[in-house]
Asks: 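Take a look at this one; I'll ask things after.
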Amino acid sequence: MSLQVISLCILSLIYLWTLYNAVIVAVGIRKRMSKSSEGQRSNRDELPTISIIVPVKNEEGVIMRLLKALSRLDYPESKKEIIIVEDGSRDKTGELCREYAEGKSNVRFFHRNASKGKPNALNFGLVHAKGE
């Protein structure tokens, strides 16, 4: 066999492989785009309730950005619970978290005077979690 025939066979295989994958990608995009927003709404009702446990200590500079980002998550508010475990901060972290949690039914705040470490704070929050 000549070098040209081998090259032609290899290029043909690459072309067929690329065409096959392009079809698979196109079908996936079409299926995703064909979902109606009404269908997505009904699926949102079937989502599990989740608990997001946030252990914090001396996070005054970033805590509000974090909490605002968590509140903007694309997840139904009735299915989302945020548990803030403030673990003996020496700055205004506890005050900021307490103010943020006031009036919000899905945000719970717990203050601990003594820090026992992040794993312990996570376990403490897990005891109070209602979600999966």
Side-chain angles (χ1 to χ4, degrees):
M1 283 179 133
S2 72
L3 186 59
Q4 290 178 341
V5 172
I6 294 172
S7 297
L8 184 61
C9 289
I10 291 173
L11 286 174
S12 296
L13 287 172
I14 292 172
Y15 175 75
L16 289 172
W17 180 81
T18 304
L19 183 62
Y20 172 76
N21 285 307
V23 169
I24 290 174
V25 169
V27 169
I29 290 172
R30 184 173 177 208
K31 283 184 179 182
R32 176 173 259 189
M33 293 180 75
S34 69
K35 288 184 180 178
S36 68
S37 61
E38 293 173 11
Q40 290 174 351
R41 292 253 186 238
S42 65
N43 289 341
R44 291 175 71 86
D45 295 336
E46 298 171 6
L47 291 171
T49 301
I50 62 167
S51 296
I52 302 167
I53 303 171
V54 185
V56 295
K57 180 178 178 184
N58 299 329
E59 303 286 344
E60 179 181 358
V62 297
I63 190 62
M64 291 311 292
R65 285 191 312 235
L66 170 67
L67 295 174
K68 287 177 183 176
L70 289 174
S71 69
R72 288 191 309 261
L73 287 175
D74 185 22
Y75 207 82
E77 291 296 318
S78 62
K79 302 270 187 170
K80 176 177 65 174
E81 167 186 49
I82 299 172
I83 299 172
I84 305 166
V85 181
E86 190 273 318
D87 202 27
S89 294
R90 294 184 183 134
D91 59 5
K92 295 182 181 179
T93 302
E95 296 169 30
L96 293 171
C97 292
R98 182 176 286 112
E99 289 173 11
Y100 181 81
E102 286 178 3
K104 292 182 176 61
S105 61
N106 67 333
V107 178
R108 297 179 21 203
F109 172 75
F110 296 97
H111 168 74
R112 297 175 2 140
N113 290 325
S115 176
K116 297 178 184 174
K118 184 176 181 178
N120 190 274
L122 286 169
N123 287 331
F124 179 85
L126 190 60
V127 170
H128 298 283
K130 296 177 184 172
E132 296 179 26

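Note that these values count all heavy atoms, side chains included, but never hydrogens, waters or copies made by symmetry.
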Asks: For a quick test of your reading: what N or O donor-acceptor pairs under 3.5 Å do the side chains of residues 6-19 make, sequence neighbours left out?
Replies:
residue, atom, partner, partner atom, Å
Ser7, OG, Leu3, O, 2.9
Ser12, OG, Leu8, O, 2.8
Thr18, OG1, Ile14, O, 2.8

Asks: What's the spacing between Lys104 NZ and Glu99 CD if we round to 0.5 Å?
Replies: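 Reported value, rounded in 0.5 Å steps: 10.5 Å.
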
Asks: Can you name the salt bridge (charged side-chain N to carboxylate O under 4.0 Å, His left out) partners of Glu77, sequence neighbours left out?
Replies: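 Once residues adjacent in sequence are excluded, the partners of Glu77 under the salt bridge (charged side-chain N to carboxylate O under 4.0 Å, His left out) criterion are Lys80.
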
Asks: Holding to salt bridge (charged side-chain N to carboxylate O under 4.0 Å, His left out), I want the full list of residues that pass it with Glu59, two or more places apart in sequence or in another chain.
Replies: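 By the salt bridge (charged side-chain N to carboxylate O under 4.0 Å, His left out) rule, Glu59 matches no residue at all.
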
Asks: In the hydrophobic clustering that connects Ile, Leu, Val, Met, Phe, Trp and Tyr at side-chain heavy-atom distances below 4.5 Å, which members other than Ile24 occupy its cluster, ordered by chain and number?
Replies: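 Its cluster mates, by chain and number, are Tyr20.
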
Asks: Rounded to the nearest 0.5 Å, how far apart are CG of Asn58 and CD of Glu86?
Replies: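 The CD atom of Glu86 is 8.0 Å from CG of Asn58, to the nearest 0.5 Å.
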
Asks: How long is the straight-line distance from NZ of Lys92 back to SG of Cys97, given to the nearest 0.5 Å?
Replies: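 That separation rounds to 13.5 Å.
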
Asks: Please tabulate, one pair per line, all N/O donor-acceptor pairs under 3.5 Å involving side-chain atoms of residues 119-131, not counting sequence neighbours.
Replies:
residue, atom, partner, partner atom, Å
Asn120, OD1, Arg112, NH1, 2.9
Asn120, OD1, Arg112, NH2, 2.8
Asn123, ND2, Pro119, O, 3.3

Asks: How about Lys116: does its NZ atom have over 12 heavy atoms from other parts shown lying under 6.0 Å from it?
Replies: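 No, not enclosed.
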
Asks: Tracing side-chain links under 4.5 Å among I, L, V, M, F, W and Y, which residues wind up in one group with Val56?
Replies: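 Members besides Val56, by chain and number: Leu47, Ile50, Ile52, Val54, Ile63, Met64, Leu66, Leu67, Leu70, Leu73, Tyr75, Ile82, Ile84, Leu96, Tyr100, Val107, Phe109.
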
Asks: How long is the gap from CD on Glu81 to CG on Asn106, to the nearest 0.5 Å?
Replies: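 Separation between the atoms: 8.0 Å.
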
